[in-house]
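Let me begin by presenting the structure, written as structure tokens, before commenting on it.
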Amino acid sequence: MKRSKYLIVGNSTAAVGAVEAIRQYDTEGSLTIVSDEKHPVYSRPLISYLLEEKTTVEKMKYRDDDFYQTHGIRLLSGIRATSLDPVKKRVTLSDGTVEEYEKLLLATGSVPFLPPTPGCPEVNTGKGVFTFIKLDDALALRQTLTPESRVVVVGGGLTGVKATEGILHTTRHVTMVELAPRVLPMALDDDASQVIQKRLTDAGVTVCCGASVAQVETTPEGCVSGVVLTDGRTIPCDVLVLSIGVRPNVALLEGTTIRKNRGIVIDRQGQTSVPDIYAAGDCVESLDRTDNQYRILAILPNAYRQGKIAGTSMAGGTDADQGTFPINATSFLGLPLITAGLSNPRETAGLEIVVTSEEQNYRKLVLRDGKLVGFILLGYEVTKRAGIFTSFLRDGTDLATLSADIRTASPELLLLDRATRTAKIYQNT
């Protein structure tokens with residue numbers, strides 16, 4: 001097989017998947033990774049646990065220290081890719097150098113969404129304003145926080161709530177501001193959201209829903225001193241964490257003909273609309289199997305899988321994306337939560353919703369034509385069987401002939417043959 005010159009922009013989970021796939025087919029081709037971060041590849045969802053001192057930078061590494069050497073990688077860290085020329089097949093870097101390629105992978109991930117806010121200092125400039133998507137964000141925040149810090153977290157989504165949880169390890173003076181009427185509005189319905197919101201308030205967090213920041217107040221030195229909300233309230237603070245959301249990092253596509261919508265458009269082999277250029281991870285649009293629509297699915301397993309598919313294609317192998325579904329597994333203040341698929345559908349026409357709730361155990365199943373297309377599992381007891389529900393969703397198991405009691409109370413019975421399952425049901429009645 002012909003040896004190629006591979007270039008990967010982004011030292012991410014998707015990049016790891018691509019590298020490991022490429023080396024299965026091409027052990028001698030040159031392989032360069034360009035990364036604007038100075039750290040070896042790490043597990044990004046763990047940055048909130050770093051704030052809580054539940055992990056360390058060393059334990060956050062996604063691969064061993066010898067990963068780059070073992071796979072023959074030339075790593076250019078702390079350098080940003082600034083422009084792409086698909087015709088000449090080269091990428092210009094922030095230090096003025098140019099990297100040529102035969103096969104290129106864009107694994108550029110996402111960037112924080114920062115709406116213009118009057119009076120707000122620039123982020124990460126020592127003025128008390130931070131984002132929260134990278135390891136450096138968590139390290140800078142950890143160095144700044146003290147028990148006396150007054151913190152405002154803007155954004156009550158998954159990242160905002162996890163950031164809040166990490167911050168609570170150092171200070172209890174925390175206010176969360178969320179534009180929607182509840183926290184975790186995209187992932188959870190009203191009932192599940194209320195469980196999480198109560199847990200936050202019980203921990204001392206002031207939750208302000210239905211509002212956003214209209215103005216940031218600063219000291220004479222230009223440091224954050226407070227925020228004014230759209231409902232007129234003023235909240236004093238010396239630390240402001242902006243966790244409103246993320247957007248695919250597609251800046252490198254400027255001036256090219258590479259097709260994009262919200263994210264980079266790829267085919268089932270991970271190739272973009274321009275030959276020899278591939279993309280994977282949070283910067284691309286993925287096929288959501290639960291509704292057969294393309295959207296941003298910023299989840300770690302999906303990024304690795306897409307990287308592996310792209311790497312295989314780049315090196316001349318054969319693989320194809322069969323689609324995936326959004327899934328998040330985490331915990332909030334010790335309470336486990338797993339959501340997958342259409343966990344909180346806006347339109348319920350044609351869907352069957354089955355809900356069971358008892359104290360801090362909440363379970364919601366969403367079915368279409370007798371098949372599971374989404375779920376919310378919140379609490380210690382219900383998350384124990386998350387693997388079963390995930391397999392039902394992934395495999396398209398037909399649950400139409402089963403009673404609601406079996407689907408919600410004893411889903412493990414579905415793994416047995418019908419005769420055994422029926423016998424056990426009668427034993428328990």
| request: Quick one: do Asp85 and Val98 satisfy side-chain contact (heavy atoms from CB on, under 4.5 Å)? Show the steps, please. | output: CA-CA 10 Å; Asp85 186 337; Val98 174; over 6 Å; no
| remark: Per side chain to side chain contact (heavy atoms under 4.5 Å, CB included), Val241 is matched among Ile167, Thr131, Thr164 by Ile167
| For Glu28, which residues count as a side-chain hydrogen bond (donor to acceptor under 3.5 Å, both in side chains) partner, sequence neighbours excluded? | Arg3
| task | For the pair Gln293 (side chain) and Asp288 (backbone), establish whether a donor and an acceptor sit closer than 3.5 Å, ignoring hydrogens and angles. | result | no
| task | Identify the two heavy atoms, one from Pro185 and one from Gly156, that lie closest to each other, and give their separation to 0.1 Å. | result | CD-O, 4.0 Å
| Tyr49 and Lys162, any side-chain heavy atoms less than 4.5 Å apart | yes
| request: Output yes when a side-chain donor or acceptor of Thr256 lies under 3.5 Å from a complementary backbone atom of Leu253, and no otherwise. | output: yes
| request: Scan residues 168-189 for pairs that pass salt bridge (charged side-chain N to carboxylate O under 4.0 Å, His left out), counting only residues two or more places apart or in two chains. | output: Arg182-Asp190, Asp189-Lys364
| Val129 vs Val216 side-chain heavy atoms within contact, under 4.5 Å | no
| Got a sec, which residues hit side-chain hydrogen bond (donor to acceptor under 3.5 Å, both in side chains) with Gln269, two or more places apart in sequence or on another chain? | none
| message | Determine whether a donor-acceptor pair (N or O, by modelled atom type, separation under 3.5 Å) exists between the side chain of Arg368 and the backbone of Val373. | response | no
| message | Any non-hydrogen side-chain atom of Leu141 less than 4.5 Å from a side-chain atom of Leu51? | response | yes
| Do Thr206 side-chain atoms and Thr175 backbone N/O form a donor-acceptor pair below 3.5 Å? | no
| request: Find out whether Asp319 and Arg305 are in side-chain contact, i.e. whether some heavy atom of one side chain is under 4.5 Å from a heavy atom of the other. | output: yes
| Minimum-distance pair of heavy atoms, taken over all atoms of Lys308 and Thr312 | O-OG1, 2.8 Å
| query | Can you tell me how far the CD1 atom of Ile196 sits from the CD atom of Gln360, to the nearest 0.5 Å? | reply | 8.5 Å
| Over all atoms of both residues, closest heavy-atom pair of Met176 and Val183 | SD-CG1, 3.9 Å
| query | Hey, are Asp137 and Arg44 close enough for a salt bridge, meaning a charged N less than 4.0 Å from a carboxylate O? | reply | no
| message | Quick one about Asp95 and Thr97 (side-chain donor to acceptor, distance below 3.5 Å, no hydrogens or angles considered), yes or no? | response | yes
| message | Could you work out, with side chain to side chain contact (heavy atoms under 4.5 Å, CB included) as the rule, every residue matching Gln194, not counting sequence neighbours? | response | Gln197
| Between Glu52 and Gly166, which heavy-atom pair has the shortest distance, and what is it? | CG-CA, 3.5 Å
| request: Kindly compute the distance separating OG1 (Thr171) from CG (Leu145), expressed to the nearest 0.5 Å. | output: 7.5 Å
| query | Atom OG1 in Thr390, atom CG in Leu377: separation rounded to 0.5 Å? | reply | 7.5 Å
| Audit row: Thr257, Ser273, side-chain contact (heavy atoms from CB on, under 4.5 Å) steps and yes/no | CA-CA 8 Å; Thr257 60; Ser273 58; 5.6 Å; no
| request: Answer yes if the side chains of Ser286 and Gln306 hold a donor-acceptor pair under 3.5 Å, and no otherwise. | output: yes
| query | Is a side-chain N or O of Asn11 found less than 3.5 angstrom from the main chain of Ser35, in a donor-acceptor match? | reply | no
| query | Is the closest side-chain heavy-atom distance between Leu351 and Pro345 below 4.5 Å? | reply | yes
| Donor-acceptor pair, side chain of Thr13 and main chain of Leu300, under 3.5 angstrom | no
| Does the distance from a Lys or Arg side-chain N to an Asp or Glu carboxylate O, for Asp136 and Lys134, drop under 4.0 Å? | no
| Shortest non-hydrogen contact from Ile338 to Ala386? | CD1-CB, 3.3 Å
| task | Please tell me if the side chains of Ser149 and Thr170 come closer than 4.5 Å, counting only heavy atoms from C-beta onward. | result | no
| Side chains of Leu365 and Arg363 in contact at under 4.5 Å (non-hydrogen atoms) | yes
| field | Non-hydrogen side-chain atoms of Val246 and Ile296 separated by less than 4.5 Å | value | no
| request: Would you check if the side chain of Thr56 reaches a backbone N or O of Lys59 as a donor-acceptor pair within less than 3.5 Å? | output: yes
| Any donor-acceptor pair under 3.5 Å from Asp66 side chain to Thr70 backbone | no
| said: Does Arg259, at its CZ atom, have more than 12 non-hydrogen atoms belonging to other residues, nucleotides or ligands within less than 6.0 Å? | reply: no
| Closest approach of Ala315 and Tyr25, non-hydrogen atoms and distance? | CB-CB, 3.6 Å
| message | Check this for me, if you would: do Lys61 and Glu58 make a salt bridge, where the nitrogen-to-carboxylate-oxygen distance has to be below 4.0 angstrom? | response | yes
| task | Mind running side-chain contact (heavy atoms from CB on, under 4.5 Å) on Ile277 and Leu106 for me, showing each step along the way? | result | CA-CA 8 Å; Ile277 298 180; Leu106 302 175; 4.1 Å; yes
| request: Check ring pair (Phe, Tyr, Trp, His ring centres under 6.0 Å) between Phe67 and all other residues, then give those that pass, not counting sequence neighbours. | output: His71
| Picking from Leu337, Leu335, Leu188, what satisfies side chain to side chain contact (heavy atoms under 4.5 Å, CB included) with Val195? | Leu335
| message | Side chains of Asn261 and Tyr294: any donor to acceptor distance under 3.5 Å? | response | no
| Can you pull the side chain to side chain donor-acceptor pair (under 3.5 Å) pairs that have at least one residue in residues 103-120, sequence neighbours excluded? | Lys103-Asp276
| query | Are any side-chain N or O atoms of Thr219 and backbone N or O atoms of Ser225, one a donor and one an acceptor, separated by less than 3.5 Å? | reply | no
| Is a side-chain N or O of Ser4 found less than 3.5 angstrom from the main chain of Tyr6, in a donor-acceptor match? | no
| task | Please report the C-alpha distance between Val16 and Glu20 in whole Å, then the side-chain angles of each, then the deciding distance to 0.1 Å, and finally whether the side-chain contact (heavy atoms from CB on, under 4.5 Å) criterion is met. | result | CA-CA 6 Å; Val16 171; Glu20 293 177 344; 3.7 Å; yes
| query | Could Arg289 and Phe325 be counted as a cation-pi pair, given that NZ or CZ must be under 6.0 Å from the ring centre and within 45° of the axis? | reply | no
| query | To the nearest 0.5 Å, how far apart are OG1 in Thr125 and CZ in Phe130? | reply | 9.0 Å
